[in-house]
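Everything below concerns the one structure shown next.
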Amino acid sequence: MVRLVRARDDLRFDRMFLMFAGFIFFCGATHLLGIINVWHGYYYIHGIVKSLTGVISIMTAIMLWRLLPEAISLPGKRQMQVTIAELVKAERKLAEANQHLEAEVRKRTAQLEQMATTDELTGLLSRREIMRILEVEIARVSRQSTPLSIMMLDLDHFKSINDNFGHQVGDTTLKTAADSFSIFLRKTDFIGRIGGEEFLIVLPDTKLNDAYELAERIRQVLEQHTVQAPSVPACTASIGIAQCQPADNLNSLILRADEALYQAKSKGRNCVVGKL
């Protein structure tokens, strides 16, 4: 008992354990002296030990009486089983709640990623994302010496559409233009909205001449589509094209495509201008 009390500092009734240890010891000593007294008359020692045993018994009984209310309040086996079952149930509910929370976090994270990379109105890539992709493709040109062309597209007289028909019609025009731009694009091409009515198309593995032919088809489709749709005002696009050169970076390539777009505007709009 002494060893148990010394080894376990979390016992609530350590004094009670020590009293039981003393009681057991003196009970054993009393019985042993009773046997010895058969041959030797150590009755006074036997009496002392019995007296001590009696005192310890009384003290143990008093301590037990004081601890009786607390002992009664201790949960029984059935109550412990019920408590354990409730804890298991609560743990299961907590695990389900954690799974639901993790699913919501993944969902919200995906939504935030989509918001960061997608233009809300047209569903095309956002300006930041299309510029990031263009930087990646320019780096690939430097490593692999593959051709790369870009298109800058700007809707002609778009401000007048907003002024004359309202912004809701203007939004519809932007969506129609975005769909028209995407028709002829490959899965490896990228298109993003970089301004109010300005778009950028990145064409990996595409030379200037091929990009020019593609731009002409895109321009014609947009022109025909808006003329044939009564709910959308007639709208055209001016397109500037540039092919990436070995010394190009993001800014220089964008600048050349923008200069080509400006030339297309200067020529009367609704046309395509390419620039090496």
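Atom-to-atom distance recorded for R106:CZ and L101:CG is 10.0 Å, nearest 0.5 angstrom. Taken to the nearest 0.5 Å, the CG atom of L214 stands 11.0 Å off from the CD1 atom of I183. For the atom pair Q99 CD and L94 CG, the distance stands at 10.5 Å (nearest 0.5 Å).
More than 12 heavy-atom neighbours from other residues, nucleotides or ligands sit within 6.0 angstrom of CD on E104. For Q144, the CD atom sits in a packed shell: over 12 heavy atoms of surrounding residues, nucleotides or ligands are nearer than 6.0 Å.
The two atoms that bring V221 and S180 nearest to each other are CG1-CB, 4.2 Å, heavy atoms only. Considering every non-hydrogen atom in both L124 and A178, the closest pair reads CD1-CB, 3.6 Å.
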Would you tabulate the side-chain donor-acceptor contacts of residues 245-255 under 3.5 Å, counting partners in other chains and residues two or more places apart, or write 'none'?
{"from": "Q245", "atom 1": "NE2", "to": "Q243", "atom 2": "O", "distance (Å)": "3.4"}
{"from": "D248", "atom 1": "OD1", "to": "S252", "atom 2": "OG", "distance (Å)": "2.7"}
{"from": "D248", "atom 1": "OD1", "to": "R256", "atom 2": "NH1", "distance (Å)": "2.7"}
{"from": "D248", "atom 1": "OD2", "to": "Q245", "atom 2": "N", "distance (Å)": "2.7"}
{"from": "D248", "atom 1": "OD2", "to": "R256", "atom 2": "NH1", "distance (Å)": "2.8"}
{"from": "D248", "atom 1": "OD2", "to": "R256", "atom 2": "NH2", "distance (Å)": "2.9"}
{"from": "N249", "atom 1": "OD1", "to": "N251", "atom 2": "N", "distance (Å)": "3.1"}
{"from": "N249", "atom 1": "OD1", "to": "S252", "atom 2": "N", "distance (Å)": "2.8"}
{"from": "N249", "atom 1": "OD1", "to": "S252", "atom 2": "OG", "distance (Å)": "3.1"}
{"from": "S252", "atom 1": "OG", "to": "N249", "atom 2": "N", "distance (Å)": "2.8"}
{"from": "S252", "atom 1": "OG", "to": "N249", "atom 2": "O", "distance (Å)": "3.1"}

Output side-chain donor-acceptor pairs under 3.5 Å for residues 202-212, partner residues at least two apart or in another chain, one line each.
{"from": "T206", "atom 1": "OG1", "to": "R186", "atom 2": "NH2", "distance (Å)": "2.8"}
{"from": "T206", "atom 1": "OG1", "to": "P204", "atom 2": "O", "distance (Å)": "3.0"}

If you look only at distance, which donor and acceptor atoms sit under 3.5 Å apart when one is on a side chain in residues 260-276 and the other is two or more places apart or in another chain?
{"from": "K265", "atom 1": "NZ", "to": "D154", "atom 2": "OD2", "distance (Å)": "2.7"}
{"from": "K265", "atom 1": "NZ", "to": "D156", "atom 2": "OD1", "distance (Å)": "2.9"}
{"from": "S266", "atom 1": "OG", "to": "Y262", "atom 2": "O", "distance (Å)": "2.9"}
{"from": "N270", "atom 1": "OD1", "to": "R219", "atom 2": "NH1", "distance (Å)": "3.1"}
{"from": "N270", "atom 1": "ND2", "to": "E223", "atom 2": "OE2", "distance (Å)": "3.2"}
{"from": "K275", "atom 1": "NZ", "to": "E259", "atom 2": "OE1", "distance (Å)": "2.7"}

**E129 and R132: CA distance, side-chain angles, deciding distance, salt bridge (Lys or Arg N to Asp or Glu O under 4.0 Å) verdict** = CA-CA 5 Å; E129 181 65 8; R132 184 193 68 80; 2.7 Å; yes

**Prompt:** Where do E197 and T173 land on the side chain to side chain contact (heavy atoms under 4.5 Å, CB included) test, with the steps shown first?
**Reply:** CA-CA 10 Å; E197 66 273 15; T173 303; over 6 Å; no

**Message:** Between L155 and L222, does the side chain to side chain contact (heavy atoms under 4.5 Å, CB included) criterion hold? Intermediate values first, please.
**Reply:** CA-CA 10 Å; L155 301 185; L222 175 63; 3.9 Å; yes

**Item:** I150 and C244: CA distance, side-chain angles, deciding distance, side chain to side chain contact (heavy atoms under 4.5 Å, CB included) verdict
**Value:** CA-CA 8 Å; I150 65 171; C244 185; over 6 Å; no

**Prompt:** When you look at T236 and Q220, which way does the side chain to side chain contact (heavy atoms under 4.5 Å, CB included) test go after all the steps?
**Reply:** CA-CA 8 Å; T236 59; Q220 293 171 10; over 6 Å; no

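Residues passing the salt bridge (Lys or Arg N to Asp or Glu O under 4.0 Å) test with E137 are R140, sequence neighbours excluded.
Within the hydrophobic cluster formed by Ile, Leu, Val, Met, Phe, Trp and Tyr side chains joined at under 4.5 Å, directly or through other members, V88 is accompanied by I84.
Hydrophobic clustering of Ile, Leu, Val, Met, Phe, Trp and Tyr side chains at less than 4.5 Å, counting indirect connections, keeps F190 apart from L185. The hydrophobic cluster containing V136 does not contain I201, counting ILVMFWY residues as joined when their side-chain heavy atoms lie under 4.5 angstrom apart, directly or transitively. Both I191 and F158 are part of a single hydrophobic cluster, where members link through side-chain heavy atoms under 4.5 Å apart. I130 and F181 end up in different hydrophobic clusters when Ile, Leu, Val, Met, Phe, Trp and Tyr side chains are linked at under 4.5 Å.
Here side-chain hydrogen bond (donor to acceptor under 3.5 Å, both in side chains) pairs that include residues 157-167, with residues two or more places apart or in two chains, are K159-D163.
The closest side-chain heavy-atom distance from R127 to R193 is not below 4.5 Å.
The closest donor-acceptor contact from the side chain of R128 to the backbone of M131 lies at 3.5 Å or more, if one exists at all.
Of the options I194, L174, I218, L125, a side chain to side chain contact (heavy atoms under 4.5 Å, CB included) to F199 is made by L174 and by none of the others.
Side-chain polar atoms of D119 and T122 form a donor-acceptor pair below 3.5 angstrom.
Under the 4.0 Å criterion applied to side-chain N and carboxylate O atoms, K93 and E96 are not assigned as salt-bridge partners.
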